[in-house]
Amino acid sequence: MLLGGALPVLAAGEVTPVADPEPPVPVGGAAPTTGSGSRESSGRITTAAEPVEPSEAAAAAGGGARESSGPITSAQASSEPVPAAGTEAGAEAGAEAGAEAGANAVVVGDEEFLSADELMEALPSGSPPPPPAREERRTSRWGMAPVRWGGTLSAGLRQRTSDAGGDSRDQIYEARLLASTYIMQPYIALVSGDVALGMFRSQTSGDASPASNNLSGNTITGTGSLSVFPRSRFPFQATLSLSDSRTDGSLAVSDQRRKRLSLRQDYRPEVGTWRTAAQYERSELTGTSFGRDTVDRFSADFTGNSGPHSYGANGSLSSNRTSGGYIRDRVGTGRYAYRHSEALSFETTATYAGQEAAFDSDSFRINGTTQSAQIFSFGSWTPEDSPWRGTANVRYFQSESDFGDGSFESRNFGGGGSLSYQATRNLSVFGTVNANVRSDSAGRELVTTQTLGTNYSSDPYLLGEYAYTWYGSAAFSNASATDGGSQRGANGSLGHSLQRTWLPTDYTVLSGSVSQSVSSTRSTGLESISATTLNHSASLTLQANPSERLSGFLSASVSDSRVSGDDTSAFQLFNAQLSGRWRIDAHSELNSNLTWQHARQSSKRSLETTGFPFDDGTQRSRYSSLSGNLGYSHVRLFGVRNLRYSLDFRADTNQTNARQFGNVDAPRERVTLDLDQRLRYRIGRLDAELQVRMAEIEGQREGLIFFKVSRDFGAY
């Protein structure tokens, strides 16, 4: 745990005035006296920074038998009578006293100061006298910055079940201490942290050995963070966390200990429109079944703009090391954009990606290196009051790979442009030209293509409450290569759609549509193609925003595509999406963002394509995927105060092992389905929590029941 450092503190009330070493000296060396000669005049020396009162100046000038009320004091004040001013004896006595006082006076303040007469002339007439200045000296002391601290004592029981066996029951005891403070001042550095000492006892049913049935041990977990100059132009953040799956409610195929380190530095100039940041991250997993899995990642980012110019760059270096090998990734991207006017703009993007791997696991095998680089420049011309539109692009792509069974290298350089003319609101004509040079181990080849086409889309026709539209397109293309090959083709399409919108309530919109299209492609020459495609689709969408408490979106769509000709294929897709937020009442809320897809595909290649008389070329496949999350919370379950319930469901059936590609926050296992339910009750500082969690990890079902009671203390 990190605590605050030494802090200079100005102690309130410990202000010590500077004492005059001797009584102050009258200005000009003449001591002002009273008319009676039996009373002293009180005051002190006056510098240029301390104007005197008019009465003081008059007394210093010797003006009559008046008693001075200003802050001018004789340096040799005593109880002896002083001769009256205005007499010869009084004048001589005053001169002698002033000379002696001027010789022995000690001046506190500026060494150059004005006389009383000069100060009198400098003061505006009739203005009130300013208060006399007072020199002060403050004392300082060092001390500890205030610390906010607290802690938790907890005890828990955990039972875990797995399809792979090895069911376990654990007893967990934990003591946690939390604290936060700052160094020097809060705007200089903030420090916070928590550390927990855990003790556990585990009984495993998957192993018959006595040692494995009664395991015990200790673990240290916690988090520490440091933020230096958090409100400045160059903040720095550092975070270190330690966690253990044996003492928390996380699920894993085997017990894991996790370490996570993050260092981040940001910077932006005082004057300028650019900023940059750099970050280093490290994630280390340790388990008995796989050993150690470590991910290191360094990334940097830079963005800026200057007038019509904008630019940016980012890159990362990452590595994943396990007992099965290693994978290193290098990724870099640069971007530059220039906007000449509202109608003309340019953008250039350069990317680089490289990978070096020597990895052998059950799910992933690779041994070799690969890298690719690409530069793409794009220009767009879109005048506002003109029917013409144009684009142009230049591109370069290079890839290299070297594996155990061989190497491959390829380069592509090309460019192209397009021009379109909007003849009417419904009719447009377009043309494109492209050229590409490809070179590899087989040689070099130049391919050029030209395309000329037209598009038409009708205005909606109202058929009662339905809207009907139709559309069509036609294009002709020509392609030629340096080796003498050429291809000429034509394609056309025709389609129509029917749409309708319903308003069940003032805040609910239901819309549906059906569409159908047919397209045909014919080409002659090299790689001739003959294909006809028939598409059908239908969709239904419901969007509701009846109040601030309810907003939702529900859609379902189905499509069917069939291709006939040289090769035949069929593809069907069903897609459903649910997203929204429903605040049921003051205590409960439902959030969702789920997408489910189911697809089926089949294809059959012709005998000329397969080349094998006993292979009919038929392939069939299907897959389903679910992704997103669903959450429900209730802060007063069954009307009981402080009884909270939460449900969190997450799904990602298409998930891959992202740690191998530098994702430091990704788990080691693929968690495809996860349902986490928690019931929590709090009385004062006593907290009880019941967690029931079920998940599918790497195709195996995992279950967890975790009950924990904790007691808070401190003021954190």
Side-chain angles (χ1 to χ4, degrees), residues 312-320 325-336 346-360 363-379 391-418 432-451 477-489 491 521 523-529 531 566-567 603 605 608-611 617 619 656-658 660-662:
N314 60 76
S316 66
L317 301 172
S318 64
S319 67
N320 176 222
Y326 67 89
I327 295 180
R328 298 189 182 99
D329 272 321
R330 304 177 300 275
V331 179
T333 303
R335 184 185 67 85
Y336 169 76
F346 302 92
E347 183 173 346
T348 300
T349 303
T351 60
Y352 169 81
Q355 185 179 88
E356 177 185 353
F359 203 86
D360 188 358
S363 60
F364 191 77
R365 288 181 176 85
I366 186 173
N367 189 355
T369 61
T370 179
Q371 59 182 356
S372 63
Q374 176 177 271
I375 300 177
F376 182 79
S377 295
F378 180 80
T391 63
N393 67 83
V394 178
R395 57 189 179 273
Y396 173 79
F397 178 78
Q398 174 183 334
S399 64
E400 300 177 1
S401 60
D402 186 6
F403 295 92
D405 54 354
S407 60
F408 176 79
E409 182 177 354
S410 175
R411 289 179 173 84
N412 288 271
F413 177 75
S418 67
T432 63
V433 177
N434 288 280
N436 186 76
V437 178
R438 177 181 178 181
S439 61
D440 52 24
S441 58
R444 177 177 298 181
E445 183 182 31
L446 170 64
V447 179
T448 59
T449 60
Q450 306 86 35
T451 303
S477 62
N478 176 69
S480 59
T482 54
D483 60 359
S486 63
Q487 185 184 72
R488 293 175 178 83
N491 65 79
T521 300
S523 64
T524 60
L526 184 64
E527 297 183 359
S528 61
I529 300 173
D566 295 337
D567 297 328
S603 63
R605 295 175 296 172
E608 293 79 3
T609 305
T610 61
Q619 295 181 349
T656 59
N657 190 350
Q660 295 177 346
F661 302 97

Side chains of V437 and E445 in contact at under 4.5 Å (non-hydrogen atoms): no
Beyond-backbone contact of T333 with T349, side-chain heavy atoms, under 4.5 angstrom: yes
I want to check something: taking the side chain as every heavy atom from C-beta on, are F413 and R438 in contact at a cut-off of under 4.5 Å? no
Kindly compute the distance separating CD (Q355) from CG (D329), expressed to the nearest 0.5 Å. 4.5 Å
What's the separation between atom OG in S480 and atom CZ in R488, rounded to the nearest 0.5 Å? 8.0 Å
Report the C-alpha separation of T451 and S477 in whole Å, then their side-chain angles, then the decisive distance to 0.1 Å, and conclude whether the side chain to side chain donor-acceptor pair (under 3.5 Å) test is met. CA-CA 4 Å; T451 303; S477 62; 5.1 Å; no
So with a 6.0 Å cut-off around CZ of R335, is the heavy-atom count from everything else above 12? yes
Run the side-chain contact (heavy atoms from CB on, under 4.5 Å) check on E400 and T370 step by step: do they pass? CA-CA 6 Å; E400 300 177 1; T370 179; over 6 Å; no
Nearest non-hydrogen partners of G416 and N434, listed with the distance: CA-OD1, 3.6 Å
d(N436 CG, N412 CG) to nearest 0.5 Å is 5.0 Å
Can you measure from OG1 (T482) to CG (L446) and round to the nearest 0.5 angstrom? 5.5 Å
Candidate pair T391 and F378, rule side-chain contact (heavy atoms from CB on, under 4.5 Å), full reasoning: CA-CA 7 Å; T391 63; F378 180 80; 3.8 Å; yes
Give the minimum heavy-atom separation between I529 and S523, together with the two atoms involved. N-OG, 2.7 Å
Run the side chain to side chain donor-acceptor pair (under 3.5 Å) test against Q450 and tell me which residues pass, sequence neighbours left out. N478
For N393 against G417, the heavy-atom pair lying closest together: ND2-N, 4.5 Å
From the list Q371, Q374, Q398, side-chain hydrogen bond (donor to acceptor under 3.5 Å, both in side chains) partner of Y352 resolves to Q371
Minimum heavy-atom distance N367-F403, with the two atoms named: O-CD2, 3.3 Å
Between E409 and D440, the two heavy atoms sitting closest are O-CB, 3.4 Å
Output for pair (N320 CG, Y326 OH), nearest 0.5 Å, gives 12.5 Å
Residues R328 and E356 bridged, charged N to O under 4.0 Å: yes
After noting the C-alpha distance and the side-chain angles of S372 and F397, does the key distance pass the side-chain contact (heavy atoms from CB on, under 4.5 Å) rule? CA-CA 7 Å; S372 63; F397 178 78; 4.2 Å; yes
